[in-house]
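A short write-up of the structure that comes next.
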Protein chains: 2
Amino acid sequence: MAEPKTLVNPLFLRDEDLRQGIELLFFAYRDFTARGDAILAKQHFGRAHHRVIYFVGRHAGITVSDLLAILRITKQSLSRVLSQLVRENYIEQRTGTSDRRQRLLYLTEKGRTLEQELTSEQQGRFAAAYKDAGAIAVEGFRKVMLGTMDPSSRKHFQAPDKLNDKLNDKPGDK
Amino acid sequence: MAEPKTLVNPLFLRDEDLRQGIELLFFAYRDFTARGDAILAKQHFGRAHHRVIYFVGRHAGITVSDLLAILRITKQSLSRVLSQLVRENYIEQRTGTSDRRQRLLYLTEKGRTLEQELTSEQQGRFAAAYKDAGAIAVEGFRKVMLGTMDPSSRKHFQAPDKLNDKLNDKPGDK
DNA sequence: TATTTAAGTCAAGTATGCTGACGTATTATG
DNA sequence: CATAATACGTCAGCATACTTGACTTAAATA
C-alpha cells in the first residue's frame, strides 16, 4: 500500500525463506519442550506445571495476576495447576505485606530442585547452540526473536532491574 | 565431566543469558501461534489442524506416515484431525500410483486458501523481523535454532530437493 | 458505605494428545 | 501361493490442558 515492498525484496524475504523461519521455530520448539515433558511426566505433571515453576523461580514473590499476564491463560487454568503445586509442596504462597489480598508465590526447596533439573536441560541446549554459533549469531537470534514477537512481549527483555520494578512496583516497599 | 566448561564460560553462556534464550523462545512461540489460533477458531479448528494443513501444503502428495513422522504424534491423533479436514473438503486423498496402499495428501482450493491466510500472517512476522534485523542476524537466528533442535530434526533444513527426495523416494518413479 | 481488585472456586465443555485392539487392502517374502 | 509385513483407518476409553461463565471471599480504595 504505502510502501511497495516487492521492489525491495532481498533474498531472505522470499516465500521460501519465510517458510523456513516458520519451520525453524516449529521444530526447535517441539524438540525444546520434549525432554522437559518427559521429566515432568514422572511427577505426573505437564508442560503447564513447568511454565509455572519456571516463572515463579524466575520472579520470586510474583503475584498470581502478574503470572497470569505472563502465561496468558485463564485464572481457572492456572488455578488447577498452581493449587496442585502448592498441595505437593513445590510452591509456597505468602500473603502480601503491602496488599494482603495478594498471594505471593515462591518456590520451596523441592520446587527449586525440580526447576533446576528442568531448566538446566534447556540451558544445556542453548549453551551448546550458542557455543557453536558464536556471539554474533546469538545477537542475531535475539534480534529476530524479539522481532517476531508481539511488541508488548518485548518488555520482558529489558534490563532485569526494570522488569523487577514492573513486577514488584510498590513504591514505598522497603 | 570430560571438559570443565566452567573454565571457558564466555559472557553469553551465563545462567542469565541462557535463561533469556529460553524465554525468547517461549514468548516468540506463544505470540507466533496466537493469531493463527484465533483464525482457526472461527472454522472450529485448532492448532493441530493448522499443522496438518501447513505441512500438506508444503509437501503436496505427502503420505500419511511421512506426515506422522514430521508431527511426531500417533496415527489415532492425526486421524481425527485429518478425517475432519477431508470431510470438510480442505484436504484431498488420492491413492498412490506406485503403492496403492498409500493415501497421498493434497490441499484442495479451499484448503489452499486457508493455508495462505494462516501462513501469510506468520510470514509477515518473519518478514518484518528479518527486515529489521538484517541478513547477518537472520543467519545467526538460523544457526542458533538449528543448534537447539535435535540433530534428527535438522534434516528438514537441507536443500529442498534433498528433502523431497527423502519424502518421495521411489527410485524408479518416472 | 459502595465499588473495585486479587484471588479462588464450581460447573460444563472442547481440543489434543495417549494406549490398546482390530480390520482391511496391498505389497513383499519364504 | 500362503504367509507375513506394511499403510492406513477406526473403535473405545482415558488424561491433560485449556476454555467460558457465574459466583464467593477478603481486602483495598474512593
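Side chains are part of it too, since the values below use all heavy atoms of this structure and drop only hydrogens, waters and symmetry mates.
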Which nucleotide in C/dG17, D/dA17, D/dG9 has an atom nearest any side-chain atom of A/His49: D/dA17
C/dA15 phosphate, OP1 or OP2, under 4.0 Å from B/His44 side-chain N/O: no
Nearest-0.5 Å distance that lies between atom CD in B/Glu23 and atom OG in A/Ser153: 12.0 Å
Atom-to-atom span, CG of B/Leu68 to P of D/dC8 - whole angstrom: 8 Å
Spacing of A/Lys75 atom NZ relative to C/dA11 atom P, expressed in whole Å: 17 Å
Sugar-phosphate, base or nothing in reach of B/Arg80, heavy atoms under 4.0 Å: base
Which nucleotide in C/dT26, D/dG9, C/dT5 has an atom nearest any side-chain atom of A/Arg101: C/dT5
Whole-Å gap separating C1' (C/dT16) and CG (B/Leu85): 14 Å
5′-ward residue of the pair B/Leu105/A/Phe45 relative to DNA chain D: B/Leu105
Any B/Ser77 side-chain nitrogen or oxygen under 4.0 Å from OP1 or OP2 of C/dC18: yes
Charged N-O contact under 4.0 Å between B/Asp150 and A/Arg125: yes
Closest listed nucleotide, where the reference is the side chain of B/Arg100 and the choices are C/dA7, C/dT27, C/dC18: C/dT27
Value in whole Å for how far the P atom of C/dT14 lies from CD of B/Gln43: 18 Å
Under 4.0 angstrom between B/Ser79 side-chain N/O and D/dG9 OP1 or OP2: no
Closest to side chain of B/Gln76, choosing from D/dT10, D/dA28, C/dA7: D/dT10
Spacing of B/Lys42 atom NZ relative to C/dA15 atom P, expressed in whole Å: 17 Å
is_close_aromatic(B/Phe32, B/Phe126), centroid dist under 6.0 Å: yes
Euclidean distance, atom CG of residue B/Asp99 to atom P of C/dT27 [Å, nearest integer]: 6 Å
Protein-nucleotide distance (A/Ile73, atom CD1; D/dT20, atom C1'), rounded to Å: 14 Å
Side chain of B/Thr74 - closest among C/dG8, C/dC18, D/dC8: C/dC18
Interatomic distance where CG belongs to A/Leu78 and C1' belongs to D/dT16 [whole Å]: 15 Å
Presence of A/Ser65 side-chain N/O under 4.0 Å of C/dA7 phosphate oxygens OP1/OP2: yes
Touch class at under 4.0 angstrom, heavy-atom based, for B/Gln93 against every strand present: sugar-phosphate
Pair A/Phe27 + B/His156: ring centers closer than 6.0 Å: yes
Side-chain ion pair, A/Glu115 and A/Lys110, N-O less than 4.0 Å: no
